[in-house]
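Right, one structure below, let's go through it.
Computed over heavy atoms, backbone and side chain alike; hydrogens, waters and symmetry mates excluded. Just so you know, residue 1 is the first one in the sequence shown, and it goes up from there.
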Amino acid sequence: MSWLRNTSLSLARQLSRSLDPRHDYEPQACFNSFCKHWQQAHDIILKSQPQHLHDDVLGVVNHLEQLATLLVLEARAREINTRISQATCLEHLLSENLLDKLYEWAICTGKYENAVRLEQLKLFGILITHYSSQVIAAEPFLRPLLKLLSGFRNELPPPNVESQLVTVLNQLCVALMQNMKFIDLFFLTTHTQNGSQAEFIIVRLLLTSVHREGSTGSAARDALLLCANMSARCTQLAEYMLAGNTCPVLATGLSGLYSLLPRTLGERVYRLTPDDVNQVHKLTLFIDSLEFCNAVAQVAHPSIKKHLLDLLYQGFLVPVLGPALLQSGAGEQAAGAAHLELLLRCVGRRGLLRPALHFVFAYRYDGRPVADVLLARLDGTEQLSLVSLSLMETLIDLNCEDVMIELVFKYLLSGHHLMATHRHKIADPEPYREAAMAFLSLTPRCCSRPLEKTREWVDELAVSGRRVLDFKREDETRRINGFNEDIVLNNLVQEVKFNYGNPNETLFGNYHAYLCDARFEIVSRTIACSDWTSKYEAPTSPKRETNNNSKEIREPDTHVAKEQDSLISCTSGYDTLKTSDTSEKEQHSLTSLVEIIEEKSTEQVTEEKDHDSLTSIGESSDYESFHYRLEESEDNEEFAEESFKKIFSKSENSVTYESEVPSLKSWKTSAESIIGPLLSYLLKKAACFLESDITTNCRVTSVLSKLASLPTPLLTSLLLCPGFVLQPNVPSLFQILSKLKEEVDELTSELDNTAELVDKARVFLIQREMALVKSRGPPSDDNHTRTESTSQKQEESPFKRMESKRRSISSSLSNMFTRRSSTSSPHGPHSLHNASYHASPQKRLVFTQEEYWNQSITLRSVLNAVILDEWVKELAALSEEHALRLSAQNYEDDTYIRTVGL
């Protein structure tokens, strides 16, 4: 009997898929067949006997399969041929009250009830999918559907029935989103001890499955997200979701999933990557739940949003994530910080981001803000330090003014790090032009070896059977008007007249790539920071009013629009944070989380409201000096760099800069109190550049370069302009790099094989770069479609699982996290998997492995010297673009932004 059932169902499904409505549909024949199958099913229902119930259920189910097939065939035919106006099969189903009769019989089938309910749900699903506008308000459809759904209110169905139930609920939500006037039909009146109340049956059933794994949980979350979206336009639905268990279920579920996460990281894991999320099942579940909560907060009714964020703050961030960050072991602390960093990348500005930032910067444990604890861990163990630094980098990437005030500007606003004679000059473009020239002069002597010599050395290795790289020549790639055909249509460089390089070849030593990258970074951040309350162009001590009740610090400027909706209730002490978004220019309130800045300042300087007029960009000589033309040099790879040196070279009036670096011992007590712990740590690590490992150096250079790309002269002048005299014991980045150049020049001058070591270091770095490029393919069409379909979930995708944009080599290096392969030792239950990037399956030469460069301080110093050579190019490019930005009157004009490829 089971064989007959399986065979008949399989044939029905195959028939449904194989029938072509353009050839196989004949309206009258389809209608006659539909009526015949229903009559036979109805006869079985009327004559059903308990002793033959199994056969009766099987017969009815078989006929239902045929009915479903005919309904789908009719619907597909009507979609193809619009001249077919009548849905005769559907009309017969409704007129015969088929669904109600089927429901009444199903509740009498005893142990077979779930099997019949499953078929009922499938039939409802077909009707909703193909005939939603015709049936959703029809009583013969709605009444049995509501009765069927009500039967699941107080029970947990089998997995297959639950999955089909969630599918139907999801389809209902899609249909209601398209026509919300029918939403009232799904409110059922329930009677309790407190009286009668309206219950939205769809949300009630979805909450049971929202934390399920697999496709069932995913469909339930999608459906509940649609309900949250509808709540923004339906007050009755919002009130039900607010009074019910919706927000508590989401918040407690997230806390429960976090408690299952690994408590330590792998040996060489410094940041949780998309691979980690995909490979660690419990981490995947947590991220899915986190992104769902964040999406609900973005689209739901303001009252639901406020309640949910309040619960997440008081029920997850403070009692769950807080203790995880404050554990005693360094391994557990690193894992907690990595989870926090991942959380910040996954949430959106209008979702969980603001309460998360408030937790980091305003909540106190034992009287100490969480941010202070995290900053102190920058000097911890290697893993803890790098994880904490990655967290700081993620915070910087948020482009949030309050965050940057807390990390940087509250220390710099007083201007104490600058000598008084230089404080009014930090927004002048000329020091940045001089800085670009100065940084290019810091190339280590050993790195002056032409890249072509390295190419020749690689070719010699290939001839001897040791192929390590495939250097493609310029004439090997087809070019269009001087540009590679794969890049000529790229939006980033279509209007930027710079050769960004062959996408199949390394960007190592490509100064044009650094110019393009610098322009992209600075323009992007300029747009993102355009609604900040200050440009931070000069030292100042702004007057602020303190609200003693909320500890909120308000700007006195009346022109700043204040955002009205606070995302966390006043009882939680949460205030709105000001963040920026490039796609949405929205005014936000600046309710700073820092203490009154006057406490750190002894000089009172009123904030300058009128800014100096800027020269027009136009065709000025300043702009032309940065505008390199490819046709002027066909073979010289360093044309842009050399041209810049020639343009700004000063033969007799060259500027010299002090390179005396304060001792590291004095930094802890002096520099940190003047420029803050973050900048002090970064400069201290930069001073240790030559002896540090590549992972640390890539992180440090990445964070410093991102800080240097912010359009805030108060910060960029400190990092980029060597002509500004700083206070004693506050080293400038240029001073540090000058000292490093002296050290590496002295070291390499005593080596006999410097050229060979430089070639090996370049090959090692280029292999890492290309491995990263290969590991990040362009997003597929499916991925793009998925993003389009889920755009209502999140206003943005903070957690980018696939990065397709190719940037400069330092960007590649800084994003290539070192992972040692671990195939011998099993991973414990609380350890994340390690990952490895392999250049090729063949045996690798010893110098292409990181262990080779860690054998001695000499080898590590040579490798770091090559990295330093690339970094000074990046800093020079950033200085050039800042000079252009400060010289251009219409830098933020839309026309100009288009010309730089955004």
Side-chain angles (χ1 to χ4, degrees), residues 436 439-440 443 447 450-452 454-455 469 471-474 477 479-480 482-525 626-645 698 701-702 704-706 708-709 762-763 765-774 776 778 803-816 866-882 884 899-902:
F439 278 119
L440 290 177
T443 297
C447 297
L451 188 59
E452 186 58 37
T454 303
R455 295 177 187 265
L469 284 178
F471 273 116
K472 294 186 179 181
R473 296 294 189 266
E474 194 69 30
T477 60
R479 302 182 69 78
I480 301 176
F483 291 90
N484 181 274
E485 65 175 339
D486 294 329
I487 199 171
V488 71
L489 299 180
N490 188 288
N491 290 334
L492 176 64
V493 296
Q494 186 173 5
E495 298 183 26
V496 180
K497 308 308 180 188
F498 289 144
N499 176 15
Y500 201 65
N502 179 1
N504 299 316
E505 191 178 358
T506 179
L507 298 178
F508 189 92
N510 188 335
Y511 191 63
H512 287 298
Y514 285 111
L515 290 170
C516 291
D517 190 57
R519 175 162 291 187
F520 177 85
E521 286 291 335
I522 294 177
V523 173
S524 298
R525 293 188 187 274
F626 296 103
H627 194 75
Y628 305 109
R629 295 182 173 81
L630 293 174
E631 60 270 17
E632 295 181 10
S633 177
E634 296 292 336
D635 301 320
N636 188 359
E637 294 174 347
E638 299 180 349
F639 169 70
E641 182 179 348
E642 295 300 325
S643 297
F644 179 75
K645 289 181 178 179
C698 287
T701 57
S702 176
L704 282 170
S705 295
K706 288 182 176 181
S709 66
R762 287 173 173 173
V763 169
L765 295 175
I766 292 172
Q767 278 195 347
R768 288 168 58 88
E769 176 204 4
M770 300 312 295
L772 176 64
V773 172
K774 291 178 182 178
R776 293 180 175 181
E803 175 71 57
S804 60
K805 189 174 293 180
R806 176 89 178 277
R807 308 290 281 280
S808 62
I809 186 172
S810 69
S811 299
S812 300
L813 288 173
S814 64
N815 284 286
M816 173 68 81
V866 176
I867 298 176
L868 176 62
D869 181 39
E870 293 297 306
W871 189 28
V872 295
K873 291 184 177 69
E874 182 177 24
L875 295 174
L878 288 170
S879 299
E880 286 192 44
E881 186 63 23
H882 275 304
L884 176 60
T899 65
V900 295
L902 287 179

**Request:** Show your reasoning for whether side-chain contact (heavy atoms from CB on, under 4.5 Å) applies to Asp869 and Lys873.
**Result:** CA-CA 7 Å; Asp869 181 39; Lys873 291 184 177 69; 3.1 Å; yes
**Request:** Would you check, one step at a time, whether the test side-chain contact (heavy atoms from CB on, under 4.5 Å) holds for Leu875 with Tyr514?
**Result:** CA-CA 9 Å; Leu875 295 174; Tyr514 285 111; over 6 Å; no
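Formation of a donor-acceptor pair under 3.5 Å by the Arg762 side chain with backbone atoms of Cys447 is found in this model. Side chain of Ser705 to backbone of Ser702: no donor-acceptor contact under 3.5 angstrom is found. Panel note: side chain His882, backbone Ala877; no donor-acceptor pair is recorded below 3.5 Å.
The distance from the OG1 atom of Thr454 to the CD1 atom of Ile766 is 7.5 Å, given to the nearest 0.5 Å. Here the straight-line distance linking atom CG of Leu878 with atom CG of Asp517 works out to 7.5 Å at 0.5 Å rounding. A distance of 11.0 Å separates CD of Glu874 from CZ of Phe439, quoted to the nearest 0.5 Å. The line from OH of Tyr511 to CD of Glu870 is 11.5 Å long, rounded to the nearest 0.5 Å.
Contact annotation: the side chain of Arg519 never approaches that of Glu880 to less than 4.5 Å [non-hydrogen atoms, C-beta and beyond].
Of all the heavy atoms in Glu881 and Ala518, the pair that sits closest is CG-O, 4.0 Å.
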